[in-house]
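Along the sequence shown, residues are numbered consecutively beginning with 1. In listed order, ligands and their atoms are each counted from 1.
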Amino acid sequence: MTLVRSRYLLLSGQTYLDPGGKETRFAYSARQAAFIAMSPATASALASGRVAELDAAETERLSGLKALVPAAEDELAAVLAAYRSGSDEPSGRGFTIMPTSYCNMACDYCGQEHVKSPVNQARVDRIAARVEAAFADPATERVNVTWFGGEPLLALRVIRELSARFTAASAATGKPYTARMATNGSLLTARLLAELHHEWKLMAVDITIDGPEATHDQRRIKRNGIGSFHRTVAVLGEVVRDQLAPRLNIGIRVNVDTGNQDTIADLLTDLTCFGLASPQVELHLMPVHSWGNDVSAVELEARRYAKQEMEWIRLAQPLGLTIKLLPSATKRTTCQATTVYGEIIDSAGQIYSCSEHPLVPGARDTGIVARVTDLAGSAARPRGAFDDWYDQVGDGKQQCGRCPLLPVCGGSCPKLWREDHLPCPSMKFNWDDRVDLAAQRLGYRPAGTG
Ligand code: SF4
Ligand code: SF4
């Protein structure tokens with residue numbers, strides 16, 4: 001069988017020296033999400049397409065990592081087939097539940113519209129019954145719930161009630177249940193986080209911190225005018241320091257735009273001072289993007305953002321803050337909007353395929369794919385606006401169909417593509433710098449640097 005270099009192999013041009021002084025090159029196989037060290041001779045053979053020159057052991061190693069693939073393989077078709085099969089796989093059911101549509105913050109870059117509505121017990125029961133039916137479905141092997149809002153902790157009573165039913169269903173069926181939460185953090189206490197983790201299976205929490213105290217409290221303003229930075233990071237610091245929720249992954253999301261870009265370096269130092277330089281905490285720097293609202297006045301151009309981001313990543317590294325450099329896994333499906341086994345249920349029991357639809361004016365009505373009352377038992381949701389995403393990528397017109405990062409990116413956000421916004425993650429634009437840092441984390445240094 002003739003083998004060729006995979007179109008999803010990203011080969012770095014830089015030569016490195018290992019601690020013993022041996023020359024090494026690096027490549028990344030996106031089909032396996034594998035960072036690969038190799039000799040300069042192997043790298044040169046891959047770069048020039050002379051793969052027949054590689055010895056048998058190296059050929060076997062590289063084909064195992066899908067750095068080399070059969071010449072006859074249509075790799076784009078294979079990658080899309082894997083995505084389709086992952087998206088059609090019913091064993092993992094994902095529910096994003098919005099226990100409330102209200103938020104106690106009013107951030108100026110947020111395109112959501114928050115409305116207060118009283119808790120309706122009949123609706124809560126119907127949402128619970130839908131998730132319980134998914135547990136009971138023989139095709140289901142595991143269930144994950146994401147608590148989302150508005151600010152989900154404004155409806156803590158509903159979260160506790162539903163969590164009790166889901167953990168009971170998990171115990172009754174023997175199927176694993178995990179939860180995650182996207183929260184603004186302002187209502188968290190260390191005790192509550194420990195309760196959510198130990199009793200209610202919260203395994204990941206994503207909290208947005210937009211800068212050091214003055215910046216965060218000005219951008220993420222609570223409706224009562226009181227800042228939340230100090231309290232939020234102090235709670236997280238306590239949880240990490242005292243190991244109150246030891247298996248909880250804490251993600252800190254930083255939305256970056258022209259308004260706070262100059263404060264990110266200070267934020268990194270502050271997070272370190274609060275004890276958040278820990279493997280338990282991962283930082284996600286994200287350029288502000290449109291939720292359908294106009295953010296063009298504050299949005300950073302993608303390449304400019306990516307260049308600046310590398311400066312922050314380089315600052316974060318010696319501080320011990322965790323920022324992922326390269327993807328460590330391929331994606332099963334792009335997002336909830338590309339699998340009918342993922343859905344968003346709002347507090348009124350309306351089901352959406354895309355998490356950006358329920359709170360955005362217009363899409364709130366047009367994006368409804370069903371109501372919990374419409375669907376029998378555990379039936380998958382009807383297809384939504386983006387369930388044809390892989391057909392679009394496959395037809396050759398979509399940029400993602402030509403991108404070497406497709407297996408680990410999935411196209412990022414079909415909604416943003418459709419709205420003519422570029423959703424590519426920053427790694428697309430600062431890949432070589434990321435590889436450079438990844439090599440250095442492994443103890444390599446660029447050749448020629450003495
Ligand atoms: S299409 Fe975009 S906004 Fe919608 S769920 Fe997917 S990633 Fe999120
Ligand atoms: S979104 Fe951008 S980085 Fe991701 S696959 Fe598409 S073109 Fe590539």
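Among residues two or more places apart in sequence or in another chain, the ring pair (Phe, Tyr, Trp, His ring centres under 6.0 Å) test is passed with Tyr8 by none. The ring pair (Phe, Tyr, Trp, His ring centres under 6.0 Å) search around Tyr352 returns none, not counting sequence neighbours.
Ranking protein heavy atoms by distance to atom 6 (Fe) of ligand 2, first place goes to Cys400 SG, 2.3 Å. In this structure, the protein non-hydrogen atom closest to atom 3 (S) of ligand 2 is Lys428 CD, 3.5 Å. Nearest protein neighbour of atom 4 (Fe) of ligand 2, counting heavy atoms only, is Cys409 SG, 2.2 Å.
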_salt bridge (charged side-chain N to carboxylate O under 4.0 Å, His left out) between Arg61 and Glu58, worked out_ = CA-CA 5 Å; Arg61 178 176 86 105; Glu58 190 67 325; 2.9 Å; yes
*Run the numbers on Glu199 and Arg160 for side-chain contact (heavy atoms from CB on, under 4.5 Å), then give the verdict.*
CA-CA 9 Å; Glu199 286 192 50; Arg160 284 189 174 122; over 6 Å; no
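When the options Ala302, Cys424, Ser426 are ranked by their closest heavy atom to atom 7 (S) of ligand 2, first place goes to Cys424.
Of the options Arg5, Arg7, Arg31, a salt bridge (Lys or Arg N to Asp or Glu O under 4.0 Å) to Glu75 is made by Arg31 and by none of the others.
In plain terms, the two heavy atoms of Ile127 and Asp346 that are nearest each other are CD1-O, 3.8 Å.
Residue pairs meeting the side-chain hydrogen bond (donor to acceptor under 3.5 Å, both in side chains) criterion with at least one partner in residues 87-96, sequence neighbours excluded, are Ser87-Thr333, Glu89-Ser91, Thr96-Gln336.
Protein contacts to atom 2 (Fe) of ligand 1 involving N, O or S atoms at a distance below 2.8 Å are Cys413 SG.
Once rounded to the nearest 0.5 Å, the distance linking CG of Leu196 with CZ of Arg180 reads 14.0 Å.
Here Cys403 meets the criterion, with an N, O or S atom under 2.8 Å of atom 8 (Fe) of ligand 2.
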